[in-house]
Amino acid sequence: MNANLPLLPYRGVTPTISANAFVAQTAAVIGDVHMGAGSGIWYGCVVRGDVNEIRIGERTSIQDLTMIHCAERGQGTYIGNGVTVGHSAVLHACTVEDNAFIGIQACVMDDCLIETGAMVAAGALVTPGKTVKAGEVWAGQPAKKLRDISQKDLDFFEINRQRYERLAHEYRTEQYTDDK
């Protein structure tokens with residue numbers, strides 16, 4: 001693992017990041033955070049596992065300026081495999097299952113569940129305790145079901161996931177090459 005990465009211990013716990021993941025040098029990853037292979041935490045993100053745990057699966061993209069935190073009295077934050085989290089999103093003490101999509105500037109609050117393959121649209125505010133069911137698109141403030149997922153949506157999710165996995169690999173490779 002690159003010694004120049006912005007991984008900060010908290011209360012003696014240092015983030016655990018797969019050697020096959022990318023963390024941008026301007027991100028801050030703090031405390032009890034685990035991240036799987038092929039994932040990326042992009043520029044300006046804050047992933048703060050100080051008062052509880054944060055788990056990020058494989059092939060997941062946490063895009064620029066996103067904030068991920070957890071609750072001290074309640075649950076950690078759990079993000080599955082193949083998830084895309086758009087730019088400037090906020091995830092707090094929630095669960096996002098595999099292959100879900102969180103749009104740009106969306107906010108998912110405490111005790112929410114975003115089920116496998118669900119979509120939270122750009123700018124949506126998912127208020128505490130809500131469940132976005134598999135196959136649904138939620139939008140608005142507060143967010144409500146807008147429609148069912150289309151095949152076009154699912155195709156975009158996969159194209160976008162592959163693009164960011166490829167970019168994370170390229171950036172990681174370039175970052176390590178520059179450190180020689």
Side-chain angles (χ1 to χ4, degrees), residues 5-18 20-24 26-134 136-138 141-143 157 160-161 164-165 168:
L5 291 181
L7 306 178
L8 304 170
Y10 183 78
R11 294 184 179 163
V13 178
T14 300
T16 303
I17 307 298
S18 168
N20 294 321
F22 168 71
V23 177
T26 59
V29 182
I30 304 158
D32 192 359
V33 176
H34 292 236
M35 186 169 83
S39 291
I41 296 176
W42 293 88
Y43 297 92
C45 290
V46 176
V47 181
R48 189 159 56 96
D50 53 357
V51 298
N52 209 323
E53 63 187 19
I54 296 173
R55 301 294 181 259
I56 300 168
E58 297 179 356
R59 303 173 326 281
T60 288
S61 175
I62 310 299
Q63 295 176 10
D64 309 67
L65 303 176
T66 291
M67 170 60 160
I68 300 173
H69 196 228
C70 40
E72 184 172 25
R73 297 180 196 269
Q75 74 171 61
T77 299
Y78 307 98
I79 304 168
N81 299 318
V83 173
T84 296
V85 178
H87 308 283
S88 298
V90 175
L91 302 179
H92 195 273
C94 60
T95 299
V96 180
E97 293 182 343
D98 296 347
N99 303 311
F101 188 94
I102 308 298
I104 292 171
Q105 291 188 331
C107 179
V108 181
M109 298 180 71
D110 296 39
D111 301 316
C112 287
L113 171 61
I114 312 304
E115 291 185 351
T116 298
M119 177 181 183
V120 174
L125 171 62
V126 185
T127 55
K130 297 291 189 276
T131 296
V132 178
K133 300 261 184 213
E136 294 182 351
V137 177
W138 280 39
Q141 295 186 4
F157 293 177
N160 195 60
R161 187 200 59 73
Y164 270 92
E165 186 177 359

Report yes if the side chains of [X] and [Y] come closer than 4.5 Å at any heavy-atom pair, otherwise no.
X    : Y    : answer
I30  : V47  : no
M119 : E136 : no
V29  : I41  : yes
L113 : V132 : no
Q63  : Y164 : yes
I102 : V96  : yes

Side chain of [X], backbone of [Y]: donor and acceptor closer than 3.5 Å?
X    : Y    : result
S39  : G57  : yes
D110 : P128 : no
E97  : T116 : yes
R55  : D32  : yes
T127 : P142 : no
T60  : V83  : yes
N52  : G74  : yes
S88  : T66  : no
S18  : N20  : yes

About how many Å separate [atom2] of [Y] and [atom1] of [X], when rounded to the nearest 0.5 Å?
X   : Y    : atom1 : atom2 : value
T77 : I56  : OG1   : CD1   : 9.0 Å
I68 : I62  : CD1   : CD1   : 4.0 Å
H87 : Y43  : NE2   : OH    : 13.0 Å
H92 : R48  : NE2   : CZ    : 7.5 Å
N99 : E115 : CG    : CD    : 13.5 Å

**Prompt:** Regarding H69 and D50, is there a side-chain donor-to-acceptor distance under 3.5 Å anywhere?
**Reply:**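 Yes.
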**Request:** Would you kindly say whether Y78 and E53 are connected by a side-chain donor-acceptor distance under 3.5 Å?
**Result:**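 Yes, side-chain donor-acceptor contact under 3.5 Å.
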Do you know which two heavy atoms are closest between [X] and [Y], and how far apart they sit?
X    : Y    : value
A106 : A121 : CB-O, 3.7 Å
F101 : N160 : CE1-ND2, 3.9 Å
A168 : G38  : CB-O, 4.4 Å
M35  : F22  : CE-O, 3.7 Å
G103 : A89  : O-CB, 4.1 Å
A100 : I114 : CB-CG2, 4.0 Å

**Message:** Set out, in order, the CA-CA distance, both residues' side-chain angles and the distance that settles side-chain hydrogen bond (donor to acceptor under 3.5 Å, both in side chains) for T95 and Q75, then state yes or no.
**Reply:** CA-CA 9 Å; T95 299; Q75 74 171 61; 3.2 Å; yes
